Amino acid sequence: MADIPTISNTTTLQKYLNLDQKGSIIAEYIWVDASGGTRSKCKTLKQKPESIKELSEWNFDGSSTEQAPGDNSDVYLRPVAMYPDPFRLGDNILVLAECWMSDGKPNSFNFRHDAEVLMEKNAKHEFWFGLEQEYTLLDALGWPYGWPKNGFPAPQGPYYCGVGTGKVFCRDIVEAHYKACLYSGINISGTNAEVMPAQWEYQIGPCTGIELGDHMWMSRFMLHRVAEDFGAKVTFNPKPIPGNWNGAGLHTNVSTKEMRADGGMKAIEKAMESLAKRHKEHMAVYGEGNEARMTGAHETASYDKFTWGIANRGASVRVNRQCADEGKGYFEDRRPASNADPYQITGMIVETLCGKIEGTDVYKKSTDVDAVEQDMVVPVR
């Protein structure tokens, strides 16, 4: 990789990581912020927690993350999951936390809470989810890694699942992230180079219920942390390069007990009818800037119209050919953008297929598009 002054000095760091912690444990609390990114802060524990119940609630200044006003800035972190720390090793842990306010209500950007309520109420359907996270790696100047500084690479074609110099970029970051996820128990099921050079994908799942969102958010946090060491930036912008280049999505694979049973194709067809009726509501929470990606080209459907088909990557929802032949299985919702919130995606799908629950609101938009930095790369050199 190119010499970049912002690369972490990991060799020097290593001698400090090897120091004895004298029995103390470092717990890094991680949460989702107002812009659909992750934040974290660390605290010292005197002993290793055996379960999530042993971790205390914490707080942070929500006015500095646009999650609370200055006159009521305390936002509380409630641990919901913990994982072995792949960066510090030992007994150190990463802690995923929900955000709550002082009045006992979920923070307005806490989409996990309502999604979990929906999952628990519909547990009898045994939802399985698998998400395909696409992303693009940028250099320190915000240009796709490995691209000519004053131009563009050769047209798309040789890069998807490519092997060899000039066909793939930043495989070291991808491999490091893959191993970090496996070490921490994240249910990462694979990875591959994507159609646009410097664009990659990894898959999380299959997971049941709310676990999918937990694992996806932790995997995103880890990806940013790994990229820090290599001086690279990660963008989940669904259309980082305008023009004849593929965008980035978060294809969502869904299956229920009914869909997996013999004759499950009927349940899949019924799901298509339900999804078609709420297309607009789904698109509202399927990511910011998705209109630029979903043009009907580059393996996408139209942003405004719902369609589905067998083995059709140009449809809103695709049913795998093997599933159609066997008459059961799952479907792939290809509409979500790469920057969408997995809690909102999965929560909305459960709500649409099973019905709304009073008091839940997965339809609320996660961000103000004008307030979020999209890392849009304008190809002007």
Side-chain angles (χ1 to χ4, degrees), residues 6-34 37-65 67-68 73-102 104 106-107 109-110 112-113 116 172-173 175-188 204 207 210-211 213-232 234 343:
T6 53
I7 292 178
S8 299
N9 195 332
T10 52
T11 301
T12 301
L13 173 63
Q14 189 60 45
K15 68 180 183 181
Y16 297 102
L17 290 177
N18 290 333
L19 293 176
D20 186 359
Q21 294 180 193
K22 307 299 183 182
S24 293
I25 305 298
I26 299 174
E28 185 164 6
Y29 279 52
I30 298 146
W31 69 94
V32 183
D33 67 13
T38 54
R39 309 264 183 148
S40 72
K41 56 188 295 190
C42 300
K43 70 185 307 183
T44 302
L45 308 179
K46 292 305 180 182
Q47 61 183 19
K48 179 183 177 181
E50 298 300 327
S51 73
I52 196 71
K53 295 179 180 179
E54 295 179 21
L55 292 170
S56 63
E57 187 175 278
W58 207 8
N59 62 75
F60 66 93
D61 173 16
S63 67
S64 295
T65 63
Q67 289 174 271
S73 62
D74 286 350
V75 178
Y76 297 88
L77 294 170
R78 295 184 181 177
V80 294
M82 64 180 183
Y83 308 87
D85 187 337
F87 307 107
R88 300 181 181 92
L89 304 180
D91 289 333
N92 301 304
I93 57 174
L94 302 178
V95 180
L96 182 65
E98 281 190 9
C99 295
W100 289 72
M101 299 303 293
S102 58
N107 182 265
F109 297 96
N110 176 358
R112 184 186 189 280
H113 174 265
E116 186 173 33
D172 45 5
I173 294 176
E175 292 290 332
H177 175 249
Y178 202 162
K179 292 293 289 287
C181 286
L182 290 173
Y183 175 88
S184 295
I186 300 300
N187 191 0
I188 183 171
I204 296 293
C207 296
I210 201 65
E211 183 182 57
D214 292 348
H215 283 220
M216 179 57 73
W217 273 116
M218 286 303 303
S219 72
R220 286 178 173 180
F221 166 79
M222 290 182 188
L223 181 59
H224 282 291
R225 279 288 303 273
V226 167
E228 285 180 19
D229 287 342
F230 294 88
V234 178
Y343 295 134

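Computed from a prediction, not measured in an experiment: that's the story for all the values here.
Not one N or O on the side chain of His113 forms a donor-acceptor pair closer than 3.5 Å with the backbone of Pro106. When atom types are taken as modelled, the side chain of Asp214 and the backbone of Ala81 share no donor-acceptor pair closer than 3.5 angstrom. Proximity of a side-chain donor or acceptor of Gln67 to a complementary backbone N or O of Asn110 within less than 3.5 Å is not detected.
More than 12 heavy atoms of other residues, nucleotides or ligands sit less than 6.0 Å from atom CD of Gln14.
When all heavy atoms are compared, the tightest approach of Asn92 to Ser24 is OD1-O, 4.5 Å. Scanning both residues, Asn187 and Cys207, for their nearest heavy atoms gives ND2-SG, 3.6 Å.
If you take OG1 on Thr65 and CH2 on Trp31, they are separated by 7.0 Å, rounding to the nearest 0.5 Å. To the nearest 0.5 Å, atom CG of residue Leu223 and atom CD1 of residue Ile173 are 8.0 Å apart. Distance check, rounded to the nearest 0.5 Å: CD1 of Ile26 to CD of Gln21 gives 4.5 Å. Interatomic distance, OG1 of Thr38 versus CE of Met218, reported as 8.5 Å (0.5 Å rounding). To the nearest 0.5 Å, atoms CD (Glu211) and CD1 (Ile204) are separated by 10.0 Å.
Applying salt bridge (charged side-chain N to carboxylate O under 4.0 Å, His left out) to Glu28 and the options Arg88, Lys41, Arg39 leaves one that passes, Arg88. Under the side chain to side chain contact (heavy atoms under 4.5 Å, CB included) rule, Ile25 has a single partner from Asp85, Thr44, Leu45, which is Leu45.
Side-chain atoms of Leu94 and Ile30, non-hydrogen and from C-beta on, do get closer than 4.5 Å to each other. Side-chain atoms of Tyr29 and Phe60, non-hydrogen and from C-beta on, never get closer than 4.5 Å to each other. Counting only heavy atoms from C-beta outward, the side chains of Asn9 and Thr11 approach each other to under 4.5 Å. Counting only heavy atoms from C-beta outward, the side chains of Asn107 and Tyr76 never approach each other to under 4.5 Å. The shortest distance between side-chain heavy atoms of Ser102 and Asp74 does not fall below 4.5 Å. The shortest distance between side-chain heavy atoms of His177 and Ser219 falls below 4.5 Å. A 4.5 Å side-chain heavy-atom check between Pro79 and Leu96 finds every atom pair outside the cut-off.
Residue pairs satisfying the salt bridge (charged side-chain N to carboxylate O under 4.0 Å, His left out) criterion with at least one member in residues 43-58, sequence neighbours excluded, are listed as follows: Lys48-Asp91, Glu57-Arg78.
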Step by step, would you call Leu55 with Ile93 a side chain to side chain contact (heavy atoms under 4.5 Å, CB included)?
CA-CA 11 Å; Leu55 292 170; Ile93 57 174; 4.1 Å; yes
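Arg220 meets the side chain to side chain contact (heavy atoms under 4.5 Å, CB included) test with Gln133, Tyr202, Met216, Trp217, Phe236, Leu250, Pro342; sequence neighbours excluded.
A cation-pi arrangement is present between Arg225 and Phe87, with the terminal nitrogen or guanidinium carbon under 6.0 Å from the aromatic centre and inside a 45° cone about the axis.
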Side chains of residues 178-186: which donor-acceptor pairs under 3.5 Å do they make with residues two or more places apart or in other chains?
| residue | atom | partner | partner atom | Å |
| --- | --- | --- | --- | --- |
| Ser184 | OG | Pro84 | O | 2.6 |
| Ser184 | OG | Ala180 | O | 3.3 |

